[in-house]
Engineer: 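Have a look at this one before I ask anything.
Chain letters run A, B, ... following the sequence lines, proteins first and then strands; every chain starts at 1. The analysis underlying the following values was restricted to heavy atoms, covering all of them including side chains, and did not include hydrogens, waters or symmetry mates.
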Amino acid sequence: MPELPEVETVRLGLRPVLEHHRFLSVKTRRGDLRIPFPPRFAARLEGRRVNRLWRRAKYLVAELDSGESLIIHLGMSGSMSVYAEGRDRKVGTYYYDAARADAGAGAGKHDHVVMETDAPARIVFTDQRRFGLMTLVDTAQLADHPLFKDIGPEPLADDFGAGLLGRALRGKKTSIKAALLDQRVIAGLGNIYACEALFRARLSPRRLAKNLTAGQRAALVRAIKTVLREAIDAGGSSLRDHRRVDGGLGNFQHRFAVYDREGASCGRTCGGTVRRVVQNGRSTFYCPRCQK
DNA sequence: GAATTAACCTGATCGC
DNA sequence: TGCGATCAGGTTAATT
């Protein structure tokens with residue numbers, strides 16, 4: 001499910017109830033997600049204050065006042081829901097519906113972690129496929145941690161440009177589509193935004209990564225940045241699982257040019273038809289007429 | 001070492 | 001209505 005824009009949408013929603021707040025209680029309702037919870041997971045969170053909530057690739061990082069950081073990944077189907085404890089309480093820039101904050105919130109079959117903070121708010125992590133994870137890492141060791149050490153550049157960072165992308169793609173013998181999905185090449189892109197960015201850059205997903213010209217790399221960088229920014233502004237894309245923390249849907253799925261549009265006519269005037277092919281086991285959607 | 005495939009898990013959908 | 005096959009936004013161990 002969640003690619004960079006969806007994770008960023010979740011971060012913006014969680015921030016008012018997490019950043020500068022303390023965990024009052026944390027409950028895990030099973031022993032593991034994709035990986036086991038670390039020893040004393042709940043005890044290491046309870047009473048701790050979140051100094052900062054940031055994002056790296058598709059990971060959320062809550063920096064604690066204990067020197068540890070809570071790492072969250074939503075996998076394919078993970079979502080975070082926020083429930084207020086007070087009626088019509090305004091938390092940051094978000095209003096939460098008090099009716100949703102009943103005792104049953106967090107008791108669903110796939111609700112795996114329930115956290116209470118002093119915002120006050122209840123935060124529920126739900127993930128039916130359990131490809132997500134939560135763990136704790138020493139903040140000082142974060143950059144060297146196995147989950148983080150090989151992650152490539154952040155596409156929305158100011159210094160991400162054609163030069164950085166060129167270095168990342170140098171010598172890559174795989175397709176540009178597969179390269180964009182490789183988190184070591186670029187952080188945060190998934191199947192949707194890789195397809196959409198290639199469409200905007202008018203580049204065929206089947207082109208070899210190492211063969212892009214400087215001009216094509218520059219066009220691809222622009223396409224990646226604009227599609228990600230537009231998606232974040234729209235609250236991400238909701239296909240089946242992605243929800244904003246208040247339960248609302250993202251809107252960007254209505255703006256897909258090619259993703260999941262096999263057989264539809266290309267939105268450009270080229271007269272082409274969107275095609276689906278499988279690359280590295282994943283569906284790729286593109287217009288063979290105007291993506292070269 | 002790089003690239004590709006298979007596996008992890010659950011649920012929705014489609015064709016028969 | 002039921003059943004099996006297929007597919008899904010991600011990551012990574014195993015294999016080529």
Engineer: Checking one residue: Val61(A). Which other hydrophobic residues are in its cluster under the side-chain 4.5 Å linking rule?
Structural biologist: Ile35(A), Trp54(A), Tyr59(A), Ile71(A), Leu133(A), Val137(A), Leu142(A), Leu147(A), Phe148(A), Ile151(A)
Engineer: Expressed in angstrom and rounded to an integer, what is the separation of Ile35(A) atom CD1 from dA7(B) atom C1'?
Structural biologist: 17 Å
Engineer: Between the side chains of Glu196(A) and Tyr286(A), does any donor sit under 3.5 Å from an acceptor?
Structural biologist: no
Engineer: Test Arg275(A) against Glu262(A) for salt bridge (charged side-chain N to carboxylate O under 4.0 Å, His left out), laying out the working first.
Structural biologist: CA-CA 5 Å; Arg275(A) 185 164 165 212; Glu262(A) 181 181 17; over 6 Å; no
Engineer: What distance, rounded to whole Å, do you find between the two P atoms, one in dA14(C) and one in dC9(B)?
Structural biologist: 15 Å
Engineer: Thr213(A): which residues meet the side chain to side chain donor-acceptor pair (under 3.5 Å) condition with it, sequence neighbours left out?
Structural biologist: Gln216(A)
Engineer: Do the side-chain N or O atoms of His73(A) get closer than 4.0 angstrom to the phosphate oxygens (OP1, OP2) of dG10(C)?
Structural biologist: no
Engineer: Is a salt bridge present between Glu19(A) and Arg52(A), judged by a nitrogen-to-oxygen distance below 4.0 Å?
Structural biologist: no
Engineer: Leu4(A) CG to dT11(C) C1': how many Å, rounded?
Structural biologist: 16 Å
Engineer: Mind checking Tyr259(A) for me? I need base, sugar-phosphate or nothing, with any heavy atom below 4.0 Å counting as a touch.
Structural biologist: sugar-phosphate
Engineer: Dot-bracket for DNA chain B, 5' to 3', counting Watson-Crick or G-U wobble pairs under 3.5 Å, with [ ] for crossing pairs and | for inter-strand pairs?
Structural biologist: .|||||||.|||||||
Engineer: Check the distance between dA8(C)'s C1' and Leu74(A)'s CG and give it to me in whole angstrom.
Structural biologist: 16 Å
Engineer: How far does the P atom of dT6(C) sit from the matching atom of dA6(B), given to the nearest Å?
Structural biologist: 13 Å
Engineer: Could you run down the sub-3.5 Å N/O contacts of the protein with nucleotides 1-3 of chain B?
Structural biologist:
| residue | atom | partner | partner atom | Å |
| --- | --- | --- | --- | --- |
| dA3(B) | OP1 | Lys173(A) | N | 2.7 |
| dA3(B) | OP2 | Lys172(A) | NZ | 3.2 |

Engineer: Please report the distance, rounded to the nearest Å, between CD in Glu3(A) and C1' in dT11(C).
Structural biologist: 13 Å
Engineer: Quiz question: by atom type and distance under 3.5 Å, do the side chains of Asp118(A) and His21(A) form a donor-acceptor pair?
Structural biologist: yes
Engineer: May I ask you to say whether Arg55(A) pairs ionically with Glu154(A), meaning some side-chain N is under 4.0 Å from a carboxylate O?
Structural biologist: yes
Engineer: With heavy atoms under 4.0 Å as the rule, sort Gly190(A) into base, sugar-phosphate or nothing.
Structural biologist: sugar-phosphate
Engineer: Tell me: CG of Leu33(A) to C1' of dT11(C), nearest whole Å?
Structural biologist: 14 Å
Engineer: Within the sub-3.5 Å range, which N or O atoms of nucleotides 8-12 of chain B have a protein N or O partner, and how far apart are they?
Structural biologist:
| residue | atom | partner | partner atom | Å |
| --- | --- | --- | --- | --- |
| dC9(B) | O3' | Arg130(A) | NH2 | 3.3 |
| dC9(B) | O2 | Arg129(A) | NE | 3.0 |
| dC9(B) | N3 | Arg129(A) | NH2 | 3.4 |
| dT10(B) | OP1 | Arg130(A) | NH1 | 3.0 |
| dT10(B) | O3' | His110(A) | NE2 | 3.4 |
| dG11(B) | OP1 | Lys109(A) | NZ | 3.2 |
| dG11(B) | OP1 | His110(A) | NE2 | 2.8 |

Engineer: Using atom CG of Leu181(A) as one end and atom C1' of dT11(C) as the other, report the distance to the nearest whole Å.
Structural biologist: 11 Å
Engineer: Could you check whether the rings of Phe252(A) and Phe256(A) sit parallel, tilted or perpendicular, using 30° and 60° as the cut-offs?
Structural biologist: perpendicular
Engineer: Can Arg129(A) and Asp127(A) be counted as an ion pair, charged N to O under 4.0 angstrom?
Structural biologist: no
Engineer: Please say whether the positively charged group of Arg268(A), taken as NZ for Lys or CZ for Arg, lies over the ring of Phe199(A), i.e. under 6.0 angstrom from the six-membered ring centre and within 45 degrees of the axis.
Structural biologist: yes
Engineer: Inspect the contact between Arg48(A) and Asp65(A) and indicate whether a charged nitrogen and a carboxylate oxygen are less than 4.0 angstrom apart.
Structural biologist: yes
Engineer: How many Å lie between OH on Tyr193(A) and P on dG10(C), as a whole number?
Structural biologist: 10 Å
Engineer: Please report the distance, rounded to the nearest Å, between NE2 in His145(A) and P in dT12(C).
Structural biologist: 11 Å
Engineer: Which part of the nucleic acid does Leu147(A) contact within heavy-atom distance under 4.0 Å: base, sugar-phosphate only, or nothing?
Structural biologist: sugar-phosphate
Engineer: So which nucleotide from dA8(C), dT11(C), dG10(C) ends up closest to the side chain of Arg276(A)?
Structural biologist: dA8(C)
Engineer: According to salt bridge (charged side-chain N to carboxylate O under 4.0 Å, His left out), who are the partners of Arg11(A), at least two apart in sequence or on a separate chain?
Structural biologist: Glu8(A)
